Amino acid sequence: EKGGWDSFMDKEIHEDPAAVQRTLLGRFDTNGDITLDEVRIDEHDFKSIDKIIVVACGTASYAGQVAKYAIEHWVRIPVEIELAHEFRYRDPILTPRTLVVAISQSGETMDTLMALRHAREQGSKVLAICNTQGASIPRESDAVLYTHAGPEVAVASTKAFVAQITAAYLLGLYLAQVKGAMFRDEIHQMLDSLKDMPRKIQWVLDTQPKTIQAAAERMVNANSFLFLGRHVGYPVALEGALKLKEIAYTFTEGFAAGELKHGPIALVDEGEPVVFIVPPQRGRNVLHAKVISGIEEVKARGAYIIAVAEQGDPDVERYADVVFWRPACPTLMSPLVDVVPLQLFAMDMAKLKGYDVDKPRNLAKSVTVE
Ligand code: BG6
């Protein structure tokens, strides 16, 4: 059942491209417009939505955090991300025009389930993004957008993450469509980029593993890692840090790269490994330059720089000790590729340390207690 791979995690990371592709399947009508057939909220209700609150835990919450950047940009409505266990206990502001989006791979996470119950009691509509047909979270929601990543067995979530981003992007573009927030052409352009991503992820899986394995061998004894990113690279940094702590039991911290000078740089010492998610060179150039200057800052303090960056980025080539390359893609699409080398890196580190990558200590695949 591991299909020739020596762990489920290995198998599931290699299913990242298929997870994105399958999640996009069957969502378009003959005009190429988005149709969300499992969604039982009528178009009128969708049109009236003026705020989205994502509730989720762990990896699913980082998928939501990525989607916030895209949906706010596309739909021009505020998107808040809230850890499900915090949400319910702080009297959140919910109205019938608020769409609560519950993201969960298993569909059974109790914290997320309780958050969605609370939202529905307050009169808000809930849409679930879920990987498990008929689980409690989709059953209790007003609408469901299934991620078709296929069953995920390894405890640390991998292919579900890229599928969750894909589904949340589809939701964003659908909202942009029904609300008339974007031109049809712009929506189709974004969809084309999205449909192109499985191929780009596959390129990473085909070309980067040797570099990643070598980096893991070199860093296997490191006591701690910092992960830094900006814009959509920020939640990717958080997810990369989470993967490494979950399965390799290494102390990691993820930060917004702009925050470096406001604290985390104090942690940087000779040889400290720092992972940077570097945005594409084109488009959001301002951000690119800012992340590069962050790299210079920590490099000057002797840090060991690992970068995830666009193929051929000359600034990265100059400063980074190791680079995991990504093929060129739009900034908003980059998380779908950038998380992949970080998943592989965490897995390689854990294997080198002799740990069971599928069943990390102290963790369960779905946490059904609050
Ligand atoms: C944690 C799992 O307990 O729950 C994580 O170990 C997961 O991998 C998180 O991201 C949320 O789970 P789910 O099923 O709600 O996405």
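Predicted model only: the values in this text are computed from it and were never measured. Whatever order the structure lists them in is the order used to number ligands and atoms, beginning at 1.
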- Message: If the condition is side-chain contact (heavy atoms from CB on, under 4.5 Å), which residues does A214 pass it with, not counting sequence neighbours?
- Response: none
- Message: Show every ring-ring contact (aromatic ring centres under 6.0 Å, His included) that has at least one partner inside residues 92-148, sequence neighbours left out.
- Response: none
- Query: Quick one: ring-ring contact (aromatic ring centres under 6.0 Å, His included) pairs with a partner in residues 189-211, sequence neighbours left out?
  - Reply: none
Contact table, ligand 1 N/O with protein N/O, distance under 3.5 Å:
residue: ligand 1; atom: 6 (O); partner: A364; partner atom: O; Å: 3.3
residue: ligand 1; atom: 8 (O); partner: V155; partner atom: O; Å: 3.2
residue: ligand 1; atom: 10 (O); partner: T59; partner atom: N; Å: 3.1
residue: ligand 1; atom: 12 (O); partner: T109; partner atom: OG1; Å: 3.4
residue: ligand 1; atom: 14 (O); partner: S104; partner atom: OG; Å: 3.4
residue: ligand 1; atom: 14 (O); partner: Q105; partner atom: N; Å: 3.4
residue: ligand 1; atom: 14 (O); partner: S106; partner atom: N; Å: 2.8
residue: ligand 1; atom: 14 (O); partner: S106; partner atom: OG; Å: 2.6
residue: ligand 1; atom: 14 (O); partner: T109; partner atom: OG1; Å: 3.4
residue: ligand 1; atom: 15 (O); partner: S104; partner atom: OG; Å: 2.6
residue: ligand 1; atom: 15 (O); partner: T109; partner atom: OG1; Å: 2.5
residue: ligand 1; atom: 16 (O); partner: Q105; partner atom: N; Å: 2.7

- Query: Under a 4.0 Å N-O cut-off, is there an ion pair linking R88 with D111?
  - Reply: no
- Test side chain to side chain contact (heavy atoms under 4.5 Å, CB included) applied to Q65 and V54, V79, I81, the passing residue: I81
- Query: Would you call the rings of H14 and W5 parallel, tilted or perpendicular if under 30° counts as parallel and over 60° as perpendicular?
  - Reply: parallel
